[in-house]
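In what follows, chains are A, B, ... by sequence order, proteins preceding strands, each numbered from 1.
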Amino acid sequence: MSGPAQRYVYTALDQLKAGTVANVFGVVSFFKLPYRSKGTDFCSVITIVDQSNVKLKCTFFSGNQDGLPSIYKIGDIVRFHRIKIQKFNNEFQGISSSGFSALVFEGTVGAPLIPRTSSKSYSFTAEDQKTVETLRNCQLGLQGFSSSRRNLSDVQPGQYFDLLCQLIGKAEIDKSSYLLKVWDGTKFGSLPWKVYVEDEALEVDRDSISRLQNFTIDVLVYDNHVELAKSIKIGSYIVIQNIHAKLHGTANENQEHDTYVEFHLHGGTGFGRGISVPPEDDSDVKELQKILDAVDIKQNQPLDPDVITSDIQLSQMSPPFDALERCQQLSVTVLPAHQQWQVTPLACITKNKAPQKFRVRARLKHVQPHHLYQSVKLHCSKCNSLLDAPDEESLNKMFEDRFTDGSNTPNAFWYQSAVWNTGNLDNRTVVIHFVKKYDILQSPEDSLIMVEGGSFKELSKLSIHFNTIIPVKSKEQRLEIDLSAPFLIQGNKWLYGCIKCSNIKSSEELQSLSLEVGWDAVEIAKVLGVELLTHLFVMNFTLEDETGSLNAYLWRHSEQFFQIPPSEILMNSDLQERLHMIMSALCPSTKQISEYPWMDCCIRSYNSGHGSKEQICYEIFDTLLSERDLNRFS
DNA sequence: TTAGGCTTTG
């Protein structure tokens, strides 16, 4: 069959029927690299998923390896033509049928749309292009796949992981095992093992092996992987799938220096075990090349190589020094939602258009503002305005402006009032209105009180005893809410309303509150027509890694990041102390930056401003401090 | 024909 008129029909994975031959698109959620079957052919097993969230397991055979799809990474996008659909174990299964052909695209949004294929001629329409782009964009939302690709610095003992790395040395160990020495520009956090080999057995680039000795790991590959391992040229970029970081010895804390981690690629093809050599124009390979070129070996050298030259000396090192070095490999933050994302060097981020999302691993070189009170802001989610949160001095002034002699205070049936003369020379009074529930007064800890004329200090004291305080002013025989000061106080939370967006109603509306539940700030704001302002920390972090630096804001996700409520910190010295402790651990001004802790952060880029003033900004999100890891630095 | 992911471990 030939000719330009050929049109292909693609079937969604939830529409497949047994006994048919179909054409499909999908995202790779699992794959076995091509391997020699027990018959005459090479074989590859690939599972794909599409927007219908239905998976299809496929088994393909081909007389030569090139006839099988060139997949290097979970998330790659595939287009298969002429696969036979049949039932096996009560599931649909795709098998290569006569004329089978495949196109494979990188799954990364924005990567070039160049298909990997062995077909001499193939169709690729604008519609196909759209399908690939759609699958790229939606793959994070699809269920049922996660990549286990890691950087060495993120690997935990015991894990199985995939590693994109550069081969810098190799050696035959015996018939069924072969040694690969590799690095990926990051340092493994625990003590890696070194496999003993005679000098003359090791094929290696002598310069790089000594220069990179603290970055390389030894991986032993077994059985079916030996043949391929032998054939790979030194300097190649390779992916080793399903390496086992096997903990040797006991994980006893007191004997930490007795344990080390071995790296094995076990025999067989289970769990996608295998080694691949992606093409040099692969985006991940290009990125790795950049990282490896940029790594500052000197700065990252953990130990003086003249002092520590062999593994024997390493193991004799005193535990505290060893432990300190390990701490510096740890990240003091965690990314609960995006652990599978790969790290992007800071230098690469600024080359991308916005909006995009990245994971970075960097140190906090500098923070603005320097003082805590300057970083607490009030944000209106409706008009997006950002105001400084008033400090104690401003609060004093705000409430002083509302002092009263108590002569005009109105009475009403739904509250009971008490007048308190402060006894000060200014003949000032504080009037407290106790709001009734079902016509009954509540105990102080359950009470909502409206207060006229109190000072900041007096309101602070009242806030210890009463559940909720609403500062009010009397005007024309009514109690009024005024947004020039906090409109509601609950313990350490002093809440404000947006003057622009609120549509203030009479305090009498408080009677319409549901009395079944407690005094909910959001409910109260609603009945009073107040558009609540949210407290935020707004900070500008200057992050730095081996490739460059980047300014990123921390604001909308700041409470999640610090796990400290910004709405309470200005009134709570314990919280202030805690934030201070965190900032000195993240950015300890007394130390060299190489001693600062690493932080893994999710960063999103976005366009800000208009017209010629438009610029790309960066924001930290979905990232939180790990108290346990942070404590090692403080 | 072959393999049919998968709860691995030198």
Checklist entry - Which class fits the ring pair A/Tyr8 and A/His81: parallel under 30°, tilted 30 to 60°, perpendicular over 60°? => result parallel
Item to check | Whole angstrom value for the distance that separates P of B/dT2 from CD of A/Gln65 | outcome: 20 Å
Checklist outcome for this item: Considering only heavy side-chain atoms of A/Lys55, the closest of B/dT9, B/dT8, B/dG5 is B/dG5
Item to check | Stacked pair A/Phe271-B/dC6, distance under 5.5 Å, angle under 30° | outcome: no
Checklist entry - Nearest-Å distance, CD (A/Glu262) to C1' (B/dG10)? => result 9 Å
Checklist entry - Nearest nucleotide by nearest heavy atom, which residue falls closer to the 5' end of DNA chain B, A/Tyr160 or A/Thr59? => result A/Thr59
Checklist entry - What is the distance from CG of A/Asn89 to P of B/dA3, rounded to the nearest Å? => result 15 Å
Next on the checklist: In this structure, how many angstroms lie between the P atom of B/dT9 and the CD atom of A/Gln241, rounded?
Outcome noted: 18 Å
Checklist outcome for this item: Atom OH of A/Tyr260 and atom C1' of B/dG10 are separated, to the nearest Å, by 12 Å
Checklist entry - B/dA3 P sits how many Å from A/Phe30 CZ, rounded? => result 15 Å
Checklist entry - Do A/Tyr160 and A/Ile243 come within less than 4.5 Å of each other through their side chains, counting heavy atoms only? => result no
Checklist entry - Passes ring pair (Phe, Tyr, Trp, His ring centres under 6.0 Å), A/Tyr72 versus A/Phe31? Steps please. => result CA-CA 9 Å; A/Tyr72 297 104; A/Phe31 68 105; 8.2 Å; no
Checklist entry - What residues in residues 31-41 of chain A put a non-hydrogen atom under 4.0 Å from any atom of DNA chain B? => result A/Lys32, A/Tyr35, A/Ser37, A/Lys38, A/Gly39, A/Thr40, A/Asp41
Checklist entry - Counting any heavy atom closer than 4.0 Å, what does A/Ser176 reach on the DNA or RNA strands: base, sugar-phosphate only, or nothing? => result base
Item to check | A/Asp622 and its side chain to side chain contact (heavy atoms under 4.5 Å, CB included) partner, picked from A/Lys357, A/Gln560, A/Arg359 | outcome: A/Gln560
Checklist entry - Relative to each other, are the rings of A/Tyr260 and A/Trp193 parallel, tilted or perpendicular (30° and 60° limits)? => result parallel
Checklist entry - In whole angstroms, how far is the C1' atom of B/dT9 from the CZ atom of A/Phe161? => result 14 Å
Next on the checklist: Please check this pair: side chain of A/Thr623 against backbone of A/Cys602, looking for a donor-acceptor N/O pair closer than 3.5 Å.
Outcome noted: yes
Next on the checklist: Please identify which of these residues, A/Val45, A/Ile46, A/Ile95, meets the side chain to side chain contact (heavy atoms under 4.5 Å, CB included) condition with A/Phe60.
Outcome noted: A/Ile46
Checklist entry - Within the stacking criterion (centroid distance below 5.5 Å, interplanar angle below 30°), does A/Phe61 stack on B/dT2? => result yes
Item to check | Rounded interatomic separation in angstrom, taking CD from A/Gln86 and C1' from B/dT2 | outcome: 13 Å
Next on the checklist: Regarding B/dG10, can its base be found pairing with the side chain of A/His264 as donor and acceptor, where the two atoms are less than 3.5 Å apart?
Outcome noted: no
Next on the checklist: So that I can tick it off, tell me whether A/Asp41 and A/Arg36 are bridged by a salt bridge, with the cut-off set at under 4.0 angstrom between side-chain N and carboxylate O.
Outcome noted: no
Item to check | cation_pi(A/Lys246, A/Phe263) dist<6.0 Å, angle<=45 | outcome: no
Checklist entry - Just to confirm, is there a sub-4.0 Å distance from OP1 or OP2 of B/dT9 to any side-chain nitrogen or oxygen of A/Lys246? => result no
Checklist entry - Hey, does A/Gly272 reach any base, or is it just sugar-phosphate, or nothing, if we go heavy atoms under 4.0 Å? => result nothing
Checklist entry - Which pairs, with at least one residue in residues 217-242 of chain A and sequence neighbours excluded, count as a ring pair (Phe, Tyr, Trp, His ring centres under 6.0 Å)? => result A/Tyr222-A/His264
Checklist entry - Just checking A/Gln159: base, sugar-phosphate only, or nothing, at a heavy-atom cut-off of under 4.0 Å? => result nothing
Item to check | Stretch residues 220-232 of chain A: residues that reach within less than 4.0 Å of DNA chain B through a heavy atom | outcome: A/Tyr222, A/Asp223
